[in-house]
Participant: 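Can you keep this structure in mind? I'll have questions shortly.
Reminder, nothing fancy here: chain letters follow the sequence lines and each chain counts from 1.
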There are 2 protein chains.
Amino acid sequence: MKFFEKLENVKKCPVSYVLAVQDTLNAFHGKWKMPIIGTLLFGKKRFKEIEREISKITPRMLSQELKDLEVNGIVTRTVYNTTPVTVEYELTPSGRELHLVMESMITWGLQHRQTNIMESLPALNMGRRSA
Amino acid sequence: MKFFEKLENVKKCPVSYVLAVQDTLNAFHGKWKMPIIGTLLFGKKRFKEIEREISKITPRMLSQELKDLEVNGIVTRTVYNTTPVTVEYELTPSGRELHLVMESMITWGLQHRQTNIMESLPALNMGRRSA
DNA sequence: TATATCAGTATACTTTAGTATAGCGATATC
DNA sequence: GATATCGCTATACTAAAGTATACTGATATA
């Protein structure tokens with residue numbers, strides 16, 4: 001019944017898998033990368049556009065995280081020679097593929113809420129008589 | 001070509017999806033939850049067993065993270081009346097389902113390394129003549 | 001001349017996450 | 001009696017992550 005009970009499954013868990021998981025977690029690491037990737041899934045955007053769409057992010061964090069995503073091959077940064085300058089951020093093909101991971105997260109999250117959250121919220125039972 | 005280009009896809013992205021993704025990220029949040037969940041996928045374990053399997057984790061962190069996973073319905077904690085006391089940690093059904101998310105992470109991570117890492121490592125090109 | 005926009009950067013700070021080290025009470029072994 | 005094991009907790013600390021606020025230079029608009 002347990003997923004890794006059989007040795008054949010255990011063997012399917014080499015170091016490269018651990019690294020792969022770490023890379024993926026790294027892609028989403030921190031408070032802001034998920035919202036940034038999420039908004040870029042709707043199409044390429046300029047710096048100020050992203051800043052406006054993500055409530056409460058500071059330009060410092062946005063700049064830092066976009067750089068991080070860029071060096072990790074998840075977004076591209078393109079500068080256009082306009083006045084004022086235009087800078088566009090776009091997901092790479094690899095970045096776009098993250099939607100599959102996000103979908104598995106949505107699936108798990110929805111399931112988990114259905115089976116767990118309801119009965120574990122004491123607030124929902126506050127109306128009960130206790131005596 | 002863009003995944004969310006069509007309005008129908010945009011509509012499939014309600015608030016509950018955002019919450020679901022947040023819940024999932026929360027399940028893996030921090031340095032130690034992924035290794036803990038990973039080791040418990042191989043079967044239930046006692047506190048000291050997990051501590052021994054996860055190199056460098058301190059009992060403080062292990063205790064804290066196990067509590068966190070417990071209140072979030074990802075592991076169960078069972079105390080046996082032996083001497084000395086035995087405490088077993090086991091993934092809930094919901095916790096076990098996280099392997100699906102981990103698999104999508106493995107898939108993305110492996111793909112991403114193949115398409116991105118090779119050409120972006122300057123170290124690999126250090127042997128080239130530059131003049 | 002005053003103000004706004006673009007895409008950020010600089011400095012200083014607070015908050016959160018993680019580490020290091022020691023210790024608990026009960027029991028078992030040396 | 002000394003030491004080890006179980007499953008932790010307490011205290012104090014360092015490091016990482018995130019926030020707040022102000023500012024840049026070139027250009028456009030009021």
Participant: In Å and rounded to the nearest 0.5 Å, what is the CD to CD1 distance from A/Gln22 to B/Ile106?
Facilitator: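 If we round to the nearest 0.5 Å, A/Gln22:CD and B/Ile106:CD1 are 11.5 Å apart.
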Participant: Would you say A/His29 places a side-chain N or O within less than 4.0 Å of OP1 or OP2 belonging to D/dA17?
Facilitator: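 A/His29 to D/dA17 OP1/OP2: side-chain N or O found under 4.0 Å.
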Participant: What distance do A/Ile57 atom CD1 and A/Glu65 atom CD have between them, rounded to the nearest 0.5 Å?
Facilitator: 7.0 Å
Participant: Could you pick out which residue, A/Phe47 or B/Gly30, lies toward the 5' side of DNA chain C when each is mapped onto its nearest nucleotide?
Facilitator: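 Nearer the 5' end of the strand: A/Phe47.
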Participant: Might you point out which heavy atoms bring A/Leu62 and A/Ile36 nearest each other, and give the distance in Å?
Facilitator: CD1-CD1, 3.7 Å
Participant: Whole Å only: how far is the CD atom of B/Glu70 from the P atom of D/dG7?
Facilitator: 15 Å
Participant: Roughly how far, to the nearest 0.5 Å, is NZ of B/Lys44 from CD1 of B/Ile50?
Facilitator: 12.5 Å
Participant: Atom CD of B/Glu65 to atom C1' of D/dG7: distance rounded to whole Å?
Facilitator: 17 Å
Participant: Whole angstroms only, please: what is the CG-C1' distance between B/Leu62 and D/dC8?
Facilitator: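 From B/Leu62 CG to D/dC8 C1': 10 Å.
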Participant: Counting only side-chain N and O atoms of A/Lys31, is one of them less than 4.0 Å from OP1 or OP2 of D/dA16?
Facilitator: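 Looking at the OP1 and OP2 atoms of D/dA16, neither is under 4.0 Å from any side-chain N or O of A/Lys31.
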Participant: Can you measure B/Glu51 atom CD to D/dT5 atom P for me and round it to whole angstrom units?
Facilitator: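 Going from B/Glu51 (CD) to D/dT5 (P), I get 12 Å.
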Participant: Of all nucleotides in DNA chain C with an atom under 4.0 Å from a non-hydrogen atom of chain B, which is the first and which the last going 5' to 3'?
Facilitator: C/dA17 to C/dT27
Participant: Which part of the nucleic acid, if any, lies within reach of A/Tyr80 when heavy atoms closer than 4.0 Å are counted: base, sugar-phosphate only, or nothing?
Facilitator: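 Nothing: the residue A/Tyr80, judged by heavy atoms under 4.0 Å, touches no strand.
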Participant: Could you state the CD1-C1' distance from A/Ile57 to D/dG18, rounded to the nearest angstrom?
Facilitator: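 Going from CD1 in A/Ile57 over to C1' in D/dG18 covers 10 Å.
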Participant: Measure the distance from CD1 on B/Ile50 to P on D/dC6 and round it to the nearest whole Å.
Facilitator: 13 Å
Participant: Answer with base, sugar-phosphate or nothing: what part of the nucleic acid does A/Lys48 contact at a heavy-atom distance below 4.0 Å?
Facilitator: base
Participant: How long is the line joining CD1 of B/Ile36 and P of D/dG7, in whole Å?
Facilitator: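 After rounding, the reported distance stands at 14 Å.
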Participant: Between B/Thr92 and B/Gly73 (side chain of the first, backbone of the second, donor and acceptor by atom type, cut-off under 3.5 Å), is there such a pair?
Facilitator: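 At least one qualifying donor-acceptor pair exists.
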Participant: Testing A/Glu53, A/Glu51, A/Glu90 one by one against A/Lys45 for a salt bridge (charged side-chain N to carboxylate O under 4.0 Å, His left out), which residue passes?
Facilitator: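 Only match with A/Lys45 under salt bridge (charged side-chain N to carboxylate O under 4.0 Å, His left out): A/Glu53.
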Participant: Students often get this wrong, so: under 4.0 angstrom with heavy atoms, is B/Arg46 touching a base, only sugar-phosphate, or nothing?
Facilitator: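 Sugar-phosphate, backbone atoms only, no base.
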Participant: If you assign A/Arg60 and A/Thr86 each to the DNA chain C nucleotide with the nearest heavy atom, which residue ends up on the more 5' nucleotide?
Facilitator: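 Nearest nucleotide further toward 5': that of A/Thr86.
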Participant: Nearest-Å distance, CE (B/Met61) to C1' (D/dC8)?
Facilitator: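 The answer, rounded to whole Å, is 15 Å.
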Participant: Under 4.0 Å between a side-chain N/O of B/Thr83 and OP1 or OP2 of D/dC6, yes or no?
Facilitator: no
Participant: Measure the CE-CG distance between B/Met61 and B/Leu66 for me, rounded to the nearest 0.5 Å.
Facilitator: 11.0 Å
